[in-house]
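Note on naming: letters A, B, ... go to the chains in the order of the sequence lines (proteins, then strands), and numbering restarts at 1 for each one.
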There are 2 protein chains.
Amino acid sequence: MATAPSCRARPSSTPFDSLEQEAYLQLWRTYDRLREIDERVFHAHGITAQQYNALRILRSVRPGSLSTSALGARLVSRAADMTRLLDKLEERGFVARKRCAENRRVVFVSITAGGVAVVDRLASDVQRCGKDQLGHLERKTLQALIGILQQAREPHEDPAMAQAWPGNRQSKRGGER
Amino acid sequence: MATAPSCRARPSSTPFDSLEQEAYLQLWRTYDRLREIDERVFHAHGITAQQYNALRILRSVRPGSLSTSALGARLVSRAADMTRLLDKLEERGFVARKRCAENRRVVFVSITAGGVAVVDRLASDVQRCGKDQLGHLERKTLQALIGILQQAREPHEDPAMAQAWPGNRQSKRGGER
DNA sequence: CCATAATAGTCGTTGAAACGACTATTGTTA
DNA sequence: TAACAATAGTCGTTTCAACGACTATTATGG
């Protein structure tokens, strides 16, 4: 690891006020660059990254369903407005909504066969996209990144949803490679 | 009540298809969480993170100016539409635009005294915000994060602007502790 | 019971991002 | 120099995100 131990940065070349700010801006820019890549993929299929995420989560509980707010809590990015996100998915027949009988305030959402088809159709593109984005990093580097990111947001993560975004370090998933 | 009775991490507890995808989603979520924090700060001052960045860059070249596109290239996040971003800043008297005489296609932008005042007024809040976001990480961890992020986006970074986002690893900026 | 609060979701409005078409200016070349 | 291409920026439109107000339903406390 660590290409170039030298590089010899000039003193005034860092326009950052603090290390924390630099880390955050690097994070922002990196996210922005990688997002550009996967949005190309999703856009080609007429879908949004956020919408894909919702479908991915719904597929994982299929044939079960989730309440609107439970789904929102599991999304990668907080979504202020589930209603309209689901409106779009429902319009296109990817999800179905059903009012809960016991508690008529909640609405359960489930993925339809059409929604599953979309996710499946995207699967290989998404897989390839991941390689395009970060495939040049070694596994150990990726794992280190994941660990630091979890550590970084740990104090800002709502403990109530620690199970949705667990801080499990090792995550030995086996497969893949 | 009755949060998951099991916990028991069933094999399918990692909803990620690959390590690359996991890293990207962790990056996305972490960015989202940290962004929430600094947007609170900027929103309190009636400004956008992106706008603040533009002002920060313009202040760094003060009293000089940058062409619209040069400024856009230096921003943290690619901005599709500089025109309207600058419109808003100009409306509020934070920047000034002036057509270039030699090449009348380009427009030079510079920060005004009012713009400098805004950035200065925000400085301490921004500083504190950085601590809130990532102050709980050790310096070495932050440096490791920065290094991995640079490595992560290196193949996706336009070489033409490598100077705006240099890949210098160590960036010993001294003070700040 | 009734009043009140708390919860789950919906909707209106505003502002920003995305995408592309368009104008103005300059460079190139036949 | 006229025609064409390239460049820099602007603008129109559509879509998405943010914020808050609002409706409907259920829980709670006198």
If you look at every strand shown and take non-hydrogen atoms under 4.0 Å, does B:E102 touch a base, only sugar-phosphate, or nothing? sugar-phosphate
Is it true that B:D32 and B:R29 make a salt bridge, defined as a side-chain N closer than 4.0 Å to a carboxylate O? no
B:R84/B:D87 salt bridge by N-O under 4.0 Å criterion: no
Judged by each residue's nearest nucleotide on DNA chain C, which is more toward the 5′ side, A:H43 or B:Q51? B:Q51
Ignoring backbone atoms, establish whether A:R35 has a side-chain N or O less than 4.0 Å from OP1 or OP2 of C:dA17. no
Check the distance between C:dA16's C1' and B:L89's CG and give it to me in whole angstrom. 13 Å
Find out if a path of hydrophobic residues (ILVMFWY) with successive side-chain heavy-atom gaps under 4.5 Å connects A:L58 to A:V106. no
Interatomic distance, B:D81 CG vs C:dC19 C1' [rounded to whole Å]: 10 Å
In whole Å, I'd like the distance from the CD atom of B:E36 to the C1' atom of D:dA18. 12 Å
Using the closest heavy atom to pick a nucleotide of DNA chain D for each, name whichever of A:A101 or B:T83 lands nearer the 5' end. B:T83
Quick one: does A:R97 reach the base of C:dG9 with a side-chain donor-acceptor pair under 3.5 Å? no
For A:A80 and for B:R99, locate the closest nucleotide of DNA chain D by heavy-atom distance; then report the residue assigned to the nucleotide nearer the 5' terminus. B:R99
Is there a donor on the side chain of B:R104 or the base of D:dG9 sitting less than 3.5 Å from an acceptor on the other? no
If you count heavy atoms of other groups shown closer than 6.0 angstrom to NE2 of A:H43, is the number above 12? no
With a 4.0 Å cutoff (strictly under), does any side-chain N or O of B:K88 reach OP1 or OP2 of C:dG15? no
Within 6.0 angstrom of A:H136 NE2, more than 12 heavy atoms from elsewhere: yes
Whole-Å distance between D:dC16 P and B:D32 CG? 18 Å
Which whole-number value in Å describes the distance from A:Q50 CD to C:dA18 C1'? 17 Å
Once you round it to whole Å, what is the distance between C1' of D:dA17 and CG of A:D87? 15 Å
Heavy atoms from C-beta onward define the side chain here; which of C:dA18, C:dG9, D:dA18 lies closest to that of A:R84? D:dA18
Nearest to the side chain of A:N103 - D:dG9, C:dG12, D:dT26? D:dT26
Any A:S69 side-chain N or O less than 4.0 Å from OP1/OP2 of C:dG9: yes
Roughly how many Å is it from CE in A:M82 to C1' in C:dC11, rounded to a whole number? 16 Å
Nucleotide C:dA17, atom C1' - distance to CG of B:L75 in whole Å: 14 Å
Salt-bridge present (B:D125, B:R128; N to O < 4.0 Å): yes
Does B:T68 make a side-chain N or O approach to OP1 or OP2 of D:dG9 shorter than 4.0 Å? yes
Among C:dA18, C:dG27, C:dT10, which nucleotide has an atom closest to any side-chain atom of B:R105? C:dG27
